[in-house]
Amino acid sequence: MKLAIVTACPNGMVTSVLCARLLDAAAQRLGWSTSVEIVDPQHPENQLSAATLEAADWVLVVKSGELDLTRFAGKRLFIASPAEALRDSESFLLRAAVDAREQHAEAQLAAVASRPRIVAVTACPTGVAHTFMAAEALKQSAQRLGIDLQVETQGSVGARDPLTPEAIAAADAVLLATDIEVDTARFAGKRVFRCGTGVALKQSEATLKRALSEGQLLETKTGADAQAGKAKAEPKGAYKHLLTGVSYMLPMVVAGGLLIALSFVFGIEAFKEQGTLAAALMQIGGDAAFKLMVPLLAGYIAYSIADRPGLAPGMIGGLLASTLGAGFIGGIVAGFLAGYSARAINRHLNLPQSVEALKPILIIPLLSSLFTGLVMIYVVGKPVAGMLASLTHFLDNMGTSNAILLGLLLGGMMCVDLGGPINKAAYAFSVGLLASQSYAPMAATMAAGMVPPIGMGIATLLMRRKFAQGEREAGKAALVLGLCFISEGAIPFAAKDPLRVIPASIAGGALTGALSMYFGCKLMAPHGGLFVLLIPNAINHALLYLLAIVAGSLLTGVLYALLKRDAAQELVLDSPRAA
C-alpha cells in the first residue's frame, strides 16, 4: 500500500515532525511505502508533488489548525488530530485505512466547508498558565466536535497567534474566555460569548457549544460613543475589574520585587551606600517600580470599568493613594471611584454634538479626576492609611498563634481553586503588602502555591501503578510547574478527581503556609518559585523555608497517593457495565 502522510501543526513544528516520524515508522512496520510532507509555509517547495499524490492509494492528514485540502481532491482522504495519531500509531493507521475507503475527498471538503467556525481569545490575570491551558483544551475539544477554531492567547508576553480580520469576519461566533478585560472593538457586529478561563478549561466542549448557541450580538460603536469609551456590551462584576488591575500591576511588582531582591545580594543594607550598584538596583525597584504599582492598579481598574477615559483619573487617584499612605487598599478604592465616576459622566452628561468629541479627552478626565482626587484627599485617604498602618503593625508584631492561623488561611486559599478567584485574592493581598514592607505573607503564599503541583508529581512517583501513563507524564510536568510557582500545574488532576485532589492540596498548602509563618520566613520577591532561593538574602531562613515546602508537598503527595483509586479499578468503576 502506498500512503501519503501530511502533518500540519502551525503552533509547533516539533509536533509536526514527531507525528510524521512516528507514523512513517509505523507504516514501514506494516510493510507500506510512504511519502511524507511536513507543512511549512516558509518552504512551499517541500510539498509532495502532484505525481506523488496521484501514485498514493490514500492520503492521511494530521493537523491542528487550518489547512487547504483542495489539492487532495479526487483522493481517498482521512483527517485526524495529533492526539489521535500519536495514541497508538499502528492501530490508528489500520483504522484510518479502513475509514478512508468510506470517505471521499469531495465529501470531506464539503464537510470541512460546512463546519461551524469560532474565533477565541484566552487571557488570565498573570497571562501564564490558565491562558495557554484553556486555549489547548478548547483546541482539543473543537477537534472532537468538528469545529474550526482559531485561538488568540493574550499572555504575559503579548498576543500569540493573533486573529486576522478575515478569520473574525468568517467566524460564526466569538468566544472570549478571559478573566480580565480585553479590547472587543474588532468583534463589533459578531455574536460574542464570554466566560472565564477556568470554565473554558474544565468544560471546554460545553463552552464551545454555548458559544455557538448563546452568543450575544456585540453592537457596533459609532461616533462619540466609540470615542468616549462607552460601557462594554455586557456588565462585568467588581471582581473582574479588580483582576484586570492586578493583571497590569503584576509585571511591575515582579520586576520591582526581583530588583530589590538583587540589591540584597550585596548585603541587606548595602543599598544605603550611595553610588553603589545595590543603591541603583534599589532605586529602580523600590523607588520607581514600587511607586508605580498602586497607580497602575488603580488606573487599570478604572480602565476596565470605563475604558480609556477612566485611565487618567484612575492613575491620578492611585498616585494620591500612594502619597497619602493608603497603599494598595486605597488604590483599589481610587480605581473604582475613578472608573464608576467616569462611566457615570459619560452616560449621563449630554452635550451638544459639536462638543461631544471633547468628552473622552477633556471633560471626563477632568471631572472624574477632580471628583476622585477630592474624595481621596478629604474622605478616603486618612482612614484607609490608618487602617493599612494598623494592619501592617499587626502583621509585624503578631504572636506565633496568629501567625500560624494567617499562614493556614493564606496557604489553604492558595490551594482551593488552583489559580482561580480565591487563589488570586490571597496572592493579591500578599503582593499588596510588599509595598508596606510586610514580607511574611508573601513567603507563605508563594510556598503554599507551589505545593499542589509538586504534590501531584510526588504522588505519581510514590504510587506509579495507580496512575495511567498519561497521568504519570502529567505528574512530571506538574512537578516542574510547581517548582516555578505555577499552581495551575495541578489542574489536570483536579479536573479529573476534584474530591480527592482539592482536599489533599489544601491540607498540604495550609501546612506549608503555617510552617512558613511559624519559622518567620520573609520573601522580598513576589514570584520565581524555588529559583528565588538562588538570590542571596532574597529570603531569610532559606533552609526552613525549603523545609516548609517539602513538608506540605509530601503531605499532599502522600495523601493523594493513598486516596487515589487504582487506574485499572477506575476503568472498571467508570465503565458503562459497572454503571
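Only heavy atoms go into these numbers, but all of them, side chains included; no hydrogens, no water, no symmetry mates.
Put simply, the side chain of Leu296 reaches to within 4.5 Å of the side chain of Met315, judged on heavy atoms. You'll find the side chain of Phe266 reaches within 4.5 Å of the side chain of Leu281, heavy atoms only. Using a 4.5 Å heavy-atom threshold, the side chains of Leu410 and Pro441 count as touching. Side-chain atoms of Ile332 and Phe336, non-hydrogen and from C-beta on, do get closer than 4.5 Å to each other. Counting heavy atoms from C-beta outward, Thr207 and Val199 have side chains that approach closer than 4.5 Å. By the 4.5 Å heavy-atom criterion applied to side chains, Ile301 and Thr244 are not counted as neighbours. The closest side-chain heavy-atom distance from Met442 to Val431 is below 4.5 Å. The closest side-chain heavy-atom distance from Tyr300 to Leu311 is below 4.5 Å.
Heavy atoms only, all atoms of each residue included: Met414 and Gly449 are closest at CE-CA, 4.0 Å. Considering every non-hydrogen atom in both Ala459 and Ala561, the closest pair reads CB-N, 4.1 Å. Counting all heavy atoms, side chain and backbone alike, Met517 lies closest to Ile404 at CB-N, 4.4 Å. Between Met413 and Ile422, the shortest heavy-atom distance links the atoms O-CG2, 3.6 Å. Annotation for Ala261 and Ala538: closest pair CB-CB, 3.9 Å, computed over non-hydrogen atoms. The minimum heavy-atom distance between Leu515 and Ala551, with the atom names listed, is CD1-CB, 3.8 Å.
Of the possible donor and acceptor atoms, one in the side chain of Asn540 sits under 3.5 Å from a partner among the backbone N and O of Gly520. Ser553 contributes no side-chain N or O that, together with a main-chain N or O of Val550, makes up a donor-acceptor pair within less than 3.5 Å. A distance-only check finds no donor-acceptor pair linking the side chain of Thr512 to the backbone of Gly509 [under 3.5 Å]. In terms of modelled atom types and a separation under 3.5 Å, the side chain of Lys564 and the main chain of Lys466 share a donor-acceptor contact. A donor-acceptor contact shorter than 3.5 Å is absent between the side chain of Arg464 and the backbone of Arg472. Under the 3.5 Å distance criterion, the side-chain polar atoms of Lys63 are left unmatched by any main-chain donor or acceptor of Ala8.
Other residues, nucleotides and ligands place no more than 12 heavy atoms under 6.0 Å from the CD atom of Gln283. By the 6.0 Å contact criterion, CG on Leu543 is open, its count of non-hydrogen atoms from other residues, nucleotides or ligands being 12 or less. Shown here is Glu273, whose CD atom has no more than 12 heavy atoms of other residues, nucleotides or ligands within 6.0 Å. Taking a 6.0 Å sphere around CZ of Arg186, one finds it holds more than 12 heavy atoms contributed by other residues, nucleotides or ligands. Enclosure of atom OH in Tyr518 is not indicated, since only 12 or fewer non-hydrogen atoms of other residues, nucleotides or ligands lie within 6.0 angstrom.
A search for side-chain hydrogen bond (donor to acceptor under 3.5 Å, both in side chains) contacts involving Arg144 returns Ser141, Glu205, not counting sequence neighbours. With sequence neighbours excluded, no residue forms a ring-ring contact (aromatic ring centres under 6.0 Å, His included) with Tyr439. Take Thr445 and apply the side-chain hydrogen bond (donor to acceptor under 3.5 Å, both in side chains) test, not counting sequence neighbours, and it matches Ser430. Under the ring-ring contact (aromatic ring centres under 6.0 Å, His included) criterion, Tyr545 pairs with no residue at all, not counting sequence neighbours. In this structure, the side-chain hydrogen bond (donor to acceptor under 3.5 Å, both in side chains) partners of Thr197, at least two apart in sequence or on a different chain, are Asp179. A search for ring-ring contact (aromatic ring centres under 6.0 Å, His included) contacts involving Phe485 returns Tyr427, His527, not counting sequence neighbours.
Taking CD1 of Ile38 as the start and SG of Cys19 as the end, the distance is 9.5 Å to the nearest 0.5 Å. The distance from atom CG of Leu462 to atom OH of Tyr560, rounded to the nearest 0.5 Å, is 13.0 Å. Between atom CZ of residue Phe271 and atom CG of residue Asp287 there is a gap of 9.5 Å, rounded to the nearest 0.5 Å. Lys139 contributes atom NZ, which lies 13.0 Å from atom OG of Ser204 (distance to the nearest 0.5 angstrom). For the atom pair OG1 (Thr460) and CZ (Arg465), the distance works out to 14.0 Å, reported to the nearest 0.5 Å. Going from atom OG1 of Thr7 over to atom CG of Leu23 covers 8.0 Å, rounded to the nearest 0.5 Å.
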Could you walk me through whether Val532 and Met446 pass the side chain to side chain contact (heavy atoms under 4.5 Å, CB included) check?
-> CA-CA 11 Å; Val532 172; Met446 190 165 84; 4.2 Å; yes

Verify side chain to side chain contact (heavy atoms under 4.5 Å, CB included) between Leu175 and Cys195, making sure each step is shown before the conclusion.
-> CA-CA 8 Å; Leu175 170 60; Cys195 68; 4.0 Å; yes

Pair Val121-Val151, side chain to side chain contact (heavy atoms under 4.5 Å, CB included): steps then yes or no = CA-CA 6 Å; Val121 177; Val151 185; over 6 Å; no

Under the side chain to side chain contact (heavy atoms under 4.5 Å, CB included) rule, what do Leu533 and Ile539 come out as? Steps first, then yes or no, please.
-> CA-CA 7 Å; Leu533 298 178; Ile539 185 166; 3.5 Å; yes

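If you run side chain to side chain contact (heavy atoms under 4.5 Å, CB included) between Val558 and each of Leu562, Thr556, Leu555, only Leu562 comes through.
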